[in-house]
There are 2 protein chains.
Amino acid sequence: MATIKDVAKAAAVSTATVSAVINDSAYVSPPLRARVQAAIHELKYEPSQMARNLKKGRSELIALIVADLANPFFARMVWAAEAAVAAWGYSLVVFNSDEKPENERKALARIRALSCDGALIVPVGLPAHYAQRDAEGRSFPTVLFGRVVDDRQSDTVTIDNVAAASQVTNYLLDLGHTRIGSITGPLHLTTGRGRLDGMLEAMARRGVAPEPGHVRSGEFREDVAYSVAREMLDRPDRPTALYVANGVMALGVMRALADLSIHCPNDISIASTDTISGIGGLRPRLTRTEHPIIEMTNEALRLLVDRIQRGKDKPPRNVVFQPALVLGESCAPLRRG
Amino acid sequence: MATIKDVAKAAAVSTATVSAVINDSAYVSPPLRARVQAAIHELKYEPSQMARNLKKGRSELIALIVADLANPFFARMVWAAEAAVAAWGYSLVVFNSDEKPENERKALARIRALSCDGALIVPVGLPAHYAQRDAEGRSFPTVLFGRVVDDRQSDTVTIDNVAAASQVTNYLLDLGHTRIGSITGPLHLTTGRGRLDGMLEAMARRGVAPEPGHVRSGEFREDVAYSVAREMLDRPDRPTALYVANGVMALGVMRALADLSIHCPNDISIASTDTISGIGGLRPRLTRTEHPIIEMTNEALRLLVDRIQRGKDKPPRNVVFQPALVLGESCAPLRRG
DNA sequence: AGAATATGGCGAAACGATTAGCTCGGTGTC
DNA sequence: GACACCGAGCTAATCGTTTCGCCATATTCT
């Protein structure tokens, strides 16, 4: 590769002038500028981003750590993040913590080593200090996404999980259901806990409560939801309606229903929270809340880039999005008797 | 951040010694080593990957350009690639060309600027010279994935598309179908062209050919497949079986069938090539070929890392994977009459 | 004993850019 | 004509590492 020195030599100017031409950082007379540009073209010179980064102390890299890359929800987030990051002139480095604190720790170390300019993190959920302050007391630009952890340093972008679950549950209650069950996510995550709380609250407001055994917690995984659903639904006292905590799990539940020959919505009503691409082909269409994941990701990156480019010392901001209820055909009014 | 100089000063040694301690690159006497390590700990020193990279001329970054990040197939590939890359000690920078040559060009430029050590590329399909040789004639380590383009410089990892389509088509023929239609991918891509060719070949071997209007090409997108299917299938002379070129499109076709109240497999048999996660919840289960995307991605990264670490001048290798036919319930024998 | 050989550690030159500070003519003002 | 001022371009220091070559000292060989 040609370096800036080669160009300087070829154009018979100093490296400072070449730099000025490249960056438009100072006035260079037309003849010189032309010579420099000719030399650049001639030598196929491209400035080394690495050298530039070292000097300027930034890397134009933004890191994304997601909790589960195999989950289509987060895959979609990667898609949105790549586009947003590119639009801001950065590149995206992707990490998968796979819900394991250990992997998250490794990724964070790697991010510091690469001197990424900032990080968008779907935390695994342990209370942690993500926005570690360095020696000078400046904190590393960080936006936490989707899950709330006890971190008063970082910006956060989340969805109102309680509201999402309440909306869905109220809809089921309005259809006359009272024997409502739920397959929840992990309860140490706000996305798991909050959705269960929202459901319980909504039921409590109508003076009902789920029966024991009708609320089962699991992981946000298709196969786990499948087995939990098979077990819960293959008995006479099964619920008449089921609230499933996320889209991936809903797929598992639908698969279980098919295997058990339970018809939805005739035999049981199913509703869920959040959505995943590909769910569109499912019949019956699922009644669910949709989360504006693209808008959320864009907003998160707006916050992040703002923190990178403007001050790192602004107070943290917390943006909460509202979910929207979308009706499918997976729920039916309770049949008496 | 503390630098190597600070550490050297604190431990009263030279920076060379600190470097030797960090990298284990030379013998350092126990007392000195201890002093240095103490200083490192004391100052919370972490070597700057950026400075290191500049000096050593590598970045420990591997780039991945996929043709369509919104496609679950490629999302899954990102998942596999992140894991593999991390296992090799690299980090993954993700780009989305969105099937646009212009975006791919930009991504390639960015990759060079970041001095990534290598790139795994799902090419948009234009004949191009990906493994550009630099001034010294060494080519940039590149592996092309999934689609064949005219590039004799790069390693490639692909699937045998013709075989995939043939298998599926033969299965439909064995069920007695002869009025077989197809919704194909873009024919300028080998994944599109090859699958159509495989289907036509298989039919030709049995002395049949699709009727005009029963082969329609589109894009690898759910919505495009949906509208093409609606149009093709909403007429009396519709095919009795349909071969759909990929998983995303199959979802769109199933959606069209539901809207048209055409029952699968009673009224029409559907089969497709490749698979996507989430398709598991679909009923009836799709008869399809499965592509070993994880193994393919792992193999591609093995080739890439090998090329990065061993010679860049080995002759290019081309690995072709074979698809496997997986039977679902979306196909039924032809009903005479 | 003196020469040859090893060995631990240091000094300083890279890597490829940016940028502060300087030089050196040319203008403008009084 | 002397003075300050300005603007284009250059020199050289710097970012934080790695690494080549060198220098003492200690060990071994003849």
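Quick note on labels: first sequence line is chain A, next is B, and so on, each numbered from 1.
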Less than 3.5 Å apart, which donor and acceptor atoms pair up between the side chains of residues 27-38 of chain B and the rest of the protein, not counting sequence neighbours?
{"from": "Arg35(B)", "atom 1": "NE", "to": "Ala11(B)", "atom 2": "O", "distance (Å)": "2.9"}
{"from": "Arg35(B)", "atom 1": "NH2", "to": "Ala11(B)", "atom 2": "O", "distance (Å)": "3.0"}
{"from": "Arg35(B)", "atom 1": "NH2", "to": "Ala12(B)", "atom 2": "O", "distance (Å)": "3.4"}

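Between Arg58(A) and Asp117(A), none of the side-chain N atoms (NZ, or NE/NH1/NH2) sits under 4.0 Å from a carboxylate O, so this pair counts as no salt bridge. Salt bridge Arg52(A)/Glu60(A): absent, no basic N to carboxylate O contact under 4.0 Å. The residues Glu219(A) and Arg221(A) are annotated as salt-bridged, a charged nitrogen and a carboxylate oxygen being separated by less than 4.0 angstrom. Classification of Lys314(B) and Asp306(B) as a salt-bridged pair holds, one side-chain N sitting under 4.0 Å from a carboxylate O.
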>> Would Leu303(B) and Glu299(B) count as a side chain to side chain contact (heavy atoms under 4.5 Å, CB included) here? Give the steps.
In response: CA-CA 6 Å; Leu303(B) 291 180; Glu299(B) 173 67 10; 4.0 Å; yes
>> Could you go through Asp155(A) and Leu144(A), starting from their C-alpha distance and side-chain angles, then the distance that decides it, and tell me whether this counts as side chain to side chain contact (heavy atoms under 4.5 Å, CB included)?
In response: CA-CA 6 Å; Asp155(A) 296 330; Leu144(A) 265 24; over 6 Å; no
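The CG atom of Asp6(B) sits 13 Å away from the C1' atom of dT17(D) (whole-angstrom rounding). When rounded to the nearest whole Å, the span between CD1 of Ile40(A) and C1' of dG16(C) equals 14 Å. Separating the CG atom of Leu114(B) from the C1' atom of dG16(C) is a distance of 15 Å, rounded to the nearest angstrom.
With no hydrogens or angles considered, a side-chain donor-acceptor pair links Thr156(B) and Asn318(B) at under 3.5 Å.
Interface residues of residues 17-33 of chain B facing DNA chain D, ordered by number: Ser19(B), Asn23(B); criterion, heavy-atom separation under 4.0 Å.
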Got a list of protein N/O to nucleotides 12-16 of chain D N/O distances below 3.5 Å?
{"from": "dT14(D)", "atom 1": "O2", "to": "Lys55(A)", "atom 2": "NZ", "distance (Å)": "2.6"}

